[in-house]
Structures are given as structure tokens and as C-alpha cells.
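Only heavy atoms go into these numbers, but all of them, side chains included; no hydrogens, no water, no symmetry mates.
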Amino acid sequence: EAQFNLGLLYANGEGGLTKDADKAVAFFRKAAIQENADAQNNLGVMYQIGEGVPQNNAQAVEWYTKAAAQGNADAQANLDTME
């Protein structure tokens with residue numbers, strides 16, 4: 001949870017941190033690997049828009065699918081936009 005939250009802070013440039021998409025992706029990835037559905041969804045977003053990582057819809061769908069399987073409503077909605 002803390003890694004996900006730190007990713008959010010870097011993604012939005014909040015909490016006294018400078019906005020840094022690369023660091024946001026790194027923290028989202030750490031949390032996503034640990035099955036954090038919110039981080040998986042946000043990592044999917046980063047891949048979909050190409051922020052902090054090269055734009056890659058296949059990777060976006062992979063992360064959205066993992067989050068959606070855990071019941072993450074945002075990921076389920078994001079998957080619908082990818083089809």
C-alpha cells in the first residue's frame with residue numbers, strides 16, 4: 001500500500017515531491033507485483049498513455065486484466081475502453 005501511495009505522490013507531484021513519471025512507474029510496479037490492484041490499474045494507465053514507460057496497449061491490457069480479476073472497478077472500466 002505504501003509503495004502504491006508513493007507512486008501516486010510522484011505521479012501527481014504532491015506531498016513535497018516533484019512530479020516524476022519514471023519514479024511513479026517504479027513504485028506502481030513494485031506494488032503491482034505484490035498484487036496491489038490499484039497499482040496494477042495505475043500501471044496499466046501509465047502504459048496506455050505512455051507516461052514513464054513507452055506506450056504499449058498490450059501491457060496496459062495485461063495490468064488492467066490482473067487488477068480487474070481482483071474486482072477493481074476502474075480496471076474493469078479501463079479494459080472496456082481498450083476493446
Side-chain angles (χ1 to χ4, degrees):
E1 191 70 27
Q3 291 169 332
F4 166 69
N5 288 331
L6 195 50
L8 283 178
L9 292 174
Y10 275 116
N12 298 314
E14 296 175 345
L17 299 174
T18 302
K19 186 173 181 174
D20 188 325
D22 293 335
K23 288 182 180 178
V25 165
F27 282 105
F28 288 150
R29 186 178 312 282
K30 287 177 183 185
I33 290 169
Q34 296 174 52
E35 304 299 322
N36 181 299
D38 290 325
Q40 291 169 338
N41 179 64
N42 282 32
L43 191 53
V45 170
M46 300 300 267
Y47 273 107
Q48 185 177 2
I49 64 176
E51 189 170 338
V53 290
Q55 195 278 331
N56 185 322
N57 284 341
Q59 284 290 308
V61 167
E62 182 178 329
W63 287 110
Y64 289 152
T65 300
K66 288 179 181 190
Q70 294 187 66
N72 185 287
D74 291 332
Q76 293 166 353
N78 288 335
L79 272 174
D80 285 342
T81 68
M82 298 295 293
E83 297 174 356

Sequence-distant partners of [X], side-chain contact (heavy atoms from CB on, under 4.5 Å), two or more places apart:
{"X": "Glu35", "answer": "Gln40, Gln70"}
{"X": "Ala11", "answer": "Ala24, Phe28"}
{"X": "Ala68", "answer": "Ala75, Gln76, Leu79"}

Side chain of Asn41, backbone of Ala37: donor and acceptor closer than 3.5 Å? no
Hey, could you give me the [atom1]/[atom2] distance between [X] and [Y], rounded to the nearest 0.5 Å?
{"X": "Phe27", "Y": "Asn36", "atom1": "CZ", "atom2": "CG", "result": "13.5 Å"}
{"X": "Leu17", "Y": "Leu9", "atom1": "CG", "atom2": "CG", "result": "5.5 Å"}
{"X": "Gln3", "Y": "Leu6", "atom1": "CD", "atom2": "CG", "result": "8.5 Å"}
{"X": "Asp38", "Y": "Asp74", "atom1": "CG", "atom2": "CG", "result": "7.5 Å"}

Among residues two or more places apart or on two chains, list those pairs meeting side-chain hydrogen bond (donor to acceptor under 3.5 Å, both in side chains) that have a residue in residues 5-22.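 Matches after skipping sequence neighbours: none remain.
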Donor-acceptor contacts under 3.5 Å from residues 43-58 side chains, at least two apart:
unit_1	atom_1	unit_2	atom_2	d
Tyr47	OH	Arg29	NH2	2.9
Gln48	OE1	Tyr64	OH	2.5
Gln55	NE2	Gln48	O	3.2
Gln55	NE2	Asn57	OD1	2.6
Asn56	OD1	Ala58	N	3.0
Asn56	OD1	Gln59	N	2.9

Can you name the salt bridge (charged side-chain N to carboxylate O under 4.0 Å, His left out) partners of Lys30, sequence neighbours left out?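 For Lys30 there are no salt bridge (charged side-chain N to carboxylate O under 4.0 Å, His left out) partners, ignoring immediate neighbours.
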